[in-house]
Amino acid sequence: MNNSNPNQSKIVNAVTGARTIELWQRQDLLESKDDWLAEEVPVALVYNGISHVVMMASPKDLELFALGFSLSEGIIESPADIYGIDVLSVCNGLEVQIELSSRRFMGLKERRRSLAGRTGCGVCGVEQLNDIGRPITPLPFTQTFDLNQLDAALNQMREYQPVGQLTGCTHAALWLDANGTILDGREDIGRHVALDKLLGARAREAWHNGAVLVSSRASYEMVQKSAQCGVEILFAVSAATTLAVEVASRCNLTLVGFSKPGRATVYTHPQRLR
């Protein structure tokens, strides 16, 4: 990769989650060059020695991913339910070993046992279908947000995607306080993983007042994960799906799509917005 600024080269070489490969461009197939691509690796989440799920993700912020995933999937109720997290290199990927409290691990084993032996529907597994209807306690109405404060955060979103700036290949999830100030942002090749990483950071810092902004569309999983963690307002840069709107309406989450500077489409519970 050609860099006219040697200092810039030193900076980008330090970015976790991207590496260079040889490639060819259409306009010159005779001469190759190096360019940046985002890394995609298998990440196994292992609870008390039992592998629970393998996700394809960026190899960064994996402790936050483990915490956020555990919260957003209802495996734990609070960060205190996790006693330790270790990230290990194994085979062709990474393994995140999570030590759960005995009570939460017993609940996870019961949940896994209830899914054993069920057949798929031909489209997806039964466990995924059941998760769609997983009950979520309706959210309270404690948050408000001034839409005029959204534009600055939208304009700063790229600053929280160092891998994305190099590769054009990541999603971002940001936590905004009630004034629209970005308190944290996380990126990943997967929009769900980026959100889980942010929810992990939010739980670790015990932030409550504010809203989530994601660079992707709003699918039902994004709504469900946010609501499970007590997030009352979710902004998405792209559109929402019908199922996302149904879930948001049912659990009292304010869902906003097509979030662009000067523009927003509110799908549910507009009373939180000013």
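Remember, predicted model here, so these are calculated numbers, not experimental data. Quick note: residue numbers are just sequence positions, from 1.
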- Is Glu73 salt-bridged to Lys225, cutoff N-O under 4.0 Å? yes
- Message: Ring centroids only, cut at 6.0 angstrom: are Phe141 and His269 within range, meaning strictly under it?
- Response: yes
- Message: If only side-chain N and O atoms count, and only distance matters, is there a donor-acceptor pair under 3.5 Å linking Tyr47 with Ser70?
- Response: yes
- Message: Ignoring hydrogens, what is the shortest heavy-atom contact between Phe69 and Val53? Give both atom names and the distance.
- Response: CZ-CG1, 3.8 Å
- Message: Less than 3.5 Å apart, any donor N or O on the side chain of Glu95 or Gln97 sitting next to an acceptor on the other?
- Response: yes
- Query: When rounded to the nearest 0.5 angstrom, what is the spacing between CZ in Phe235 and CG in Leu174?
  - Reply: 11.5 Å
- Task: Could you check Ser58 against Val163 for side chain to side chain contact (heavy atoms under 4.5 Å, CB included), going step by step and ending with a plain yes or no?
- Result: CA-CA 9 Å; Ser58 301; Val163 174; 5.7 Å; no
- Query: Under 3.5 Å, is there a donor-acceptor pair between the Glu232 and Asn252 side chains?
  - Reply: no
- Query: Is the shortest side-chain N to carboxylate O distance from Glu77 to Arg104 below 4.0 Å?
  - Reply: yes
- Quick one: do Lys60 and Glu39 make a salt bridge, cutoff under 4.0 Å? no
- Message: List the residues meeting side-chain contact (heavy atoms from CB on, under 4.5 Å) with Thr144, not counting sequence neighbours, and say none if there are none.
- Response: Arg274
- Checking side chain to side chain contact (heavy atoms under 4.5 Å, CB included) for the pair Asn209/Gln143: CA distance, chi angles, key distance, verdict? CA-CA 6 Å; Asn209 296 327; Gln143 302 297 302; 2.9 Å; yes
- Item | Side chain to side chain, Leu195 and Arg191, heavy atoms closer than 4.5 Å | no
- Row check, Trp175 ring normal vs Arg202 NZ/CZ: under 6.0 Å, within 45°: yes
- Is it true that Arg186 and Asp188 make a salt bridge, defined as a side-chain N closer than 4.0 Å to a carboxylate O? no
- Is there side-chain contact between Asp28 and Leu30, with at least one heavy-atom pair below 4.5 Å? yes
- Query: So, Ser215 and His171: side-chain donor and acceptor under 3.5 Å apart, yes or no?
  - Reply: yes
- Query: Are any of the side-chain heavy atoms of Leu62 and Leu94 separated by less than 4.5 Å?
  - Reply: yes
- Exercise: do Ser72 and Gln228 side chains pair donor with acceptor under 3.5 Å: no
- Query: Does Arg263 make a cation-pi contact with Phe258 (under 6.0 Å, within 45 degrees of the axis)?
  - Reply: yes
